[in-house]
J.: 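Dropping the structure in here first, questions after.
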There are 2 protein chains.
Amino acid sequence: MNKEIPKITEAELEIMKVLWSKSPQTANEIIESLEPKMDWKPKTIRTLINRLAQKEAVSYHQEDGRMYEYYPLVSQERFLQVETKSLLRHFYGTSLKPLLVNFLKEEKLSPEDINELKQILDEKSEENQRKDRRK
Amino acid sequence: MNKEIPKITEAELEIMKVLWSKSPQTANEIIESLEPKMDWKPKTIRTLINRLAQKEAVSYHQEDGRMYEYYPLVSQERFLQVETKSLLRHFYGTSLKPLLVNFLKEEKLSPEDINELKQILDEKSEENQRKDRRK
DNA sequence: AAATTAAGATTACATTTGTAATATTATCTT
DNA sequence: AAGATAATATTACAAATGTAATCTTAATTT
């Protein structure tokens, strides 16, 4: 597991997002979701869907006759994970704290989330102390 | 302040990274830094530098005669901030907790950093409670 | 000063991405 | 069944990006 995922472009990402929000969906449903916000022609959206299918970021099965229903092959979690990893790799050695601060401030977090994050921070504290003691 | 920053492509980002690590640098110095890791011809690297100059992500001044010394016009902090904002905007409404968890795990943080982050989390906790009480 | 070298400037060309239009084909109407 | 409709498939084309090569010109070497 943990395979490579195909490169997904900006425009294609919009398709993925609607499929992540609900799946499966027909091409027409996707088009309906996107036409207002993106100002794309239906044909454009179909092209993007097809490209995603070619690169196996989505797949489909025939539903009730002629139409396809599409669903993502790449999960949002996986996608985000890969994107973040890539960012981290790029900026390896750079202080990311300012960025973390930004994140934490902007993000709405549930109490459970907050506790989990604090716990992770505690774990890091302990790690540090263990290392300190060894020195 | 807080102006738009120009779009910087993957390849161009490599140039920015070497200029962020040390600046100013001549084209040749940049080339030396990059040739081993990226397998690019010097001319390729010069093209990328020029494109960055055109889009005003870097600038230069003439040093000792014919050669230019290049320096970034976009700071690394600003770049990261914009990139992350864009990621956040994309995934507005999505739980970014897994992503944060990833970040926290990978990042080496000093004890002071950790405390600062915990404090931010505490503040968020309080916010939540205040909101709860109001309901 | 003429020839050589080496910066920087300009131009080139393939691939990827954005943005569709046209062609084909399966289904629905009449 | 013939025509109309509406999906999917195929093709198109401009802009952005990756990856250089050639051209021009200023500096260095003979």
Side-chain angles (χ1 to χ4, degrees), chain A residues 4-19 24-71 74 79 82-83 86 90, chain B residues 4-19 24-71 74 79 82-83 86 90:
Chain A
E4 288 293 300
I5 70 174
K7 269 202 197 330
I8 295 172
T9 72
E10 274 292 302
E12 288 163 359
L13 184 57
E14 294 300 323
I15 313 290
M16 293 306 287
K17 289 202 294 185
V18 346
L19 285 178
Q25 292 191 70
T26 67
N28 279 337
E29 291 173 312
I30 298 173
I31 289 168
E32 263 186 68
S33 296
L34 285 177
E35 258 193 320
K37 55 180 306 209
M38 304 289 108
D39 148 70
W40 286 337
K41 299 287 151 58
K43 302 286 179 157
T44 300
I45 297 175
R46 277 167 185 283
T47 299
L48 294 172
I49 297 174
N50 286 334
R51 285 184 184 165
L52 285 168
Q54 272 174 225
K55 59 176 75 166
E56 292 181 297
V58 310
S59 186
Y60 54 86
H61 56 85
Q62 208 108 355
E63 194 61 8
D64 95 291
R66 64 242 153 269
M67 259 152 59
Y68 296 161
E69 289 204 314
Y70 294 89
Y71 52 90
V74 174
F79 176 81
V82 168
E83 289 296 295
S86 144
H90 267 314
Chain B
E4 289 293 301
I5 69 175
K7 268 201 197 330
I8 295 172
T9 73
E10 273 293 300
E12 288 163 359
L13 184 56
E14 294 300 323
I15 313 289
M16 293 306 286
K17 289 202 294 185
V18 347
L19 285 178
Q25 292 191 69
T26 66
N28 280 337
E29 291 173 312
I30 297 173
I31 288 168
E32 263 186 67
S33 296
L34 286 177
E35 259 193 320
K37 54 178 308 209
M38 304 290 108
D39 148 69
W40 286 339
K41 298 287 151 57
K43 302 285 180 158
T44 300
I45 297 176
R46 277 167 186 285
T47 299
L48 294 172
I49 296 174
N50 285 334
R51 285 185 184 165
L52 286 169
Q54 272 173 226
K55 60 177 75 165
E56 292 181 299
V58 309
S59 187
Y60 55 85
H61 56 84
Q62 207 108 354
E63 193 62 8
D64 95 290
R66 63 244 154 271
M67 260 150 60
Y68 297 161
E69 289 204 314
Y70 294 88
Y71 53 90
V74 174
F79 176 81
V82 168
E83 288 297 294
S86 143
H90 267 315

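First the proteins, then the strands, lettered A, B, ... as listed; each starts at 1. Note: hydrogens, waters and symmetry copies are ignored here, and every other heavy atom, side chains too, is used.
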J.: Could you pull out all residues at least two apart from A:Tyr60 that satisfy ring-ring contact (aromatic ring centres under 6.0 Å, His included)?
T.: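 A:Tyr68, A:Tyr70.
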
J.: What bend angle does the helix from C:dA1-D:dT30 to C:dT30-D:dA1 show across its length, from five-pair end axes and to the nearest 10 degrees?
T.: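 Axis-to-axis angle, ends of the helix: 10°.
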
J.: Residues two or more places apart in sequence or in another chain: which of them pass salt bridge (charged side-chain N to carboxylate O under 4.0 Å, His left out) with B:Lys7?
T.: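 Counting only residues at least two positions away or on another chain, B:Lys7 forms no salt bridge (charged side-chain N to carboxylate O under 4.0 Å, His left out).
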
J.: For the pair made of CD1 in B:Ile49 and P in C:dG8, what is the distance, rounded to whole Å?
T.: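 So the CD1-P distance, B:Ile49 to C:dG8, works out to 8 Å.
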
J.: For a quick test of reading the model, state the closest non-hydrogen atom pair linking A:Gln62 to A:Arg66 and the distance between them.
T.: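 Here A:Gln62 and A:Arg66 meet closest at NE2-O, 3.5 Å.
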
J.: To the nearest angstrom, how far is A:Leu34 atom CG from C:dT19 atom C1'?
T.: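 So the two atoms are 14 Å apart, to the nearest Å.
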
J.: Measure from CD1 on A:Ile31 to C1' on C:dA20 and round the result to the nearest Å.
T.: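 Rounded to the whole Å, the gap is 13 Å.
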
J.: Quick one: A:Lys41 NZ to D:dC13 P, roughly how many Å, whole number?
T.: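 About 18 Å, once rounded to whole Å.
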
J.: Please give, in whole Å, the distance from C:dT19 P to A:Glu35 CD?
T.: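 About 14 Å, once rounded to whole Å.
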
J.: Could you pull out the protein-nucleic contacts involving nucleotides 11-18 of chain C (nitrogen or oxygen on both sides, under 3.5 Å)?
T.:
{"from": "C:dG18", "atom 1": "OP1", "to": "A:Ala11", "atom 2": "N", "distance (Å)": "3.3"}
{"from": "C:dG18", "atom 1": "OP2", "to": "A:Thr9", "atom 2": "OG1", "distance (Å)": "2.5"}
{"from": "C:dG18", "atom 1": "N7", "to": "A:Arg51", "atom 2": "NH1", "distance (Å)": "2.8"}
{"from": "C:dG18", "atom 1": "N7", "to": "A:Arg51", "atom 2": "NH2", "distance (Å)": "3.4"}
{"from": "C:dG18", "atom 1": "O6", "to": "A:Arg51", "atom 2": "NH2", "distance (Å)": "3.1"}

J.: Could you go step by step and tell me if A:Ile15 and A:Val58 meet the side chain to side chain contact (heavy atoms under 4.5 Å, CB included) rule?
T.: CA-CA 10 Å; A:Ile15 313 290; A:Val58 310; 5.6 Å; no

J.: If I compare all heavy atoms of A:Phe79 with all of A:Ile5, which pair ends up nearest, and what's the gap?
T.: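 Between these two residues, the closest heavy atoms are CA-CD1, 4.0 Å.
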
J.: Please report the shortest heavy-atom distance between B:Pro6 and B:Val74, naming the atom on each side.
T.: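 B:Pro6 and B:Val74 have their closest heavy atoms at CD-CG2, 4.0 Å.
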
J.: Can you name the side chain to side chain contact (heavy atoms under 4.5 Å, CB included) partners of B:Ser59, sequence neighbours left out?
T.: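 By the side chain to side chain contact (heavy atoms under 4.5 Å, CB included) rule, B:Ser59 matches B:Tyr71, B:Leu73.
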
J.: What pair of heavy atoms forms the shortest contact from A:Ile8 to A:Ala57, and how long is it?
T.: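 That would be CD1-CB, 4.3 Å.
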
J.: Tell me, which pairs form a salt bridge (charged side-chain N to carboxylate O under 4.0 Å, His left out) where one or both residues lie in residues 34-49 of chain B, sequence neighbours left out?
T.: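 Found B:Glu14-B:Lys37.
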
J.: Looking at residues at least two apart in the chain, or sitting in another chain, which of them share a side chain to side chain contact (heavy atoms under 4.5 Å, CB included) with B:Glu29?
T.: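 Checked B:Glu29 against side chain to side chain contact (heavy atoms under 4.5 Å, CB included); matches are B:Lys22, B:Gln25, B:Thr26.
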
J.: Any protein N or O atoms within reach of nucleotides 4-9 of chain D? Criterion: under 3.5 Å, listing atom names and distances.
T.:
{"from": "D:dA7", "atom 1": "OP2", "to": "A:Asn28", "atom 2": "ND2", "distance (Å)": "3.3"}
{"from": "D:dT8", "atom 1": "OP1", "to": "A:Tyr68", "atom 2": "N", "distance (Å)": "2.9"}
{"from": "D:dT8", "atom 1": "OP2", "to": "A:Arg46", "atom 2": "NH1", "distance (Å)": "2.2"}
{"from": "D:dT8", "atom 1": "OP2", "to": "A:Arg46", "atom 2": "NH2", "distance (Å)": "3.1"}
{"from": "D:dT8", "atom 1": "O3'", "to": "A:Tyr68", "atom 2": "OH", "distance (Å)": "3.2"}
{"from": "D:dA9", "atom 1": "OP1", "to": "A:Tyr68", "atom 2": "OH", "distance (Å)": "3.1"}

J.: Which pairs count as salt bridge (charged side-chain N to carboxylate O under 4.0 Å, His left out) when at least one residue sits in residues 50-61 of chain A, sequence neighbours excluded?
T.: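 For residues 50-61 of chain A: A:Glu12-A:Lys55.
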
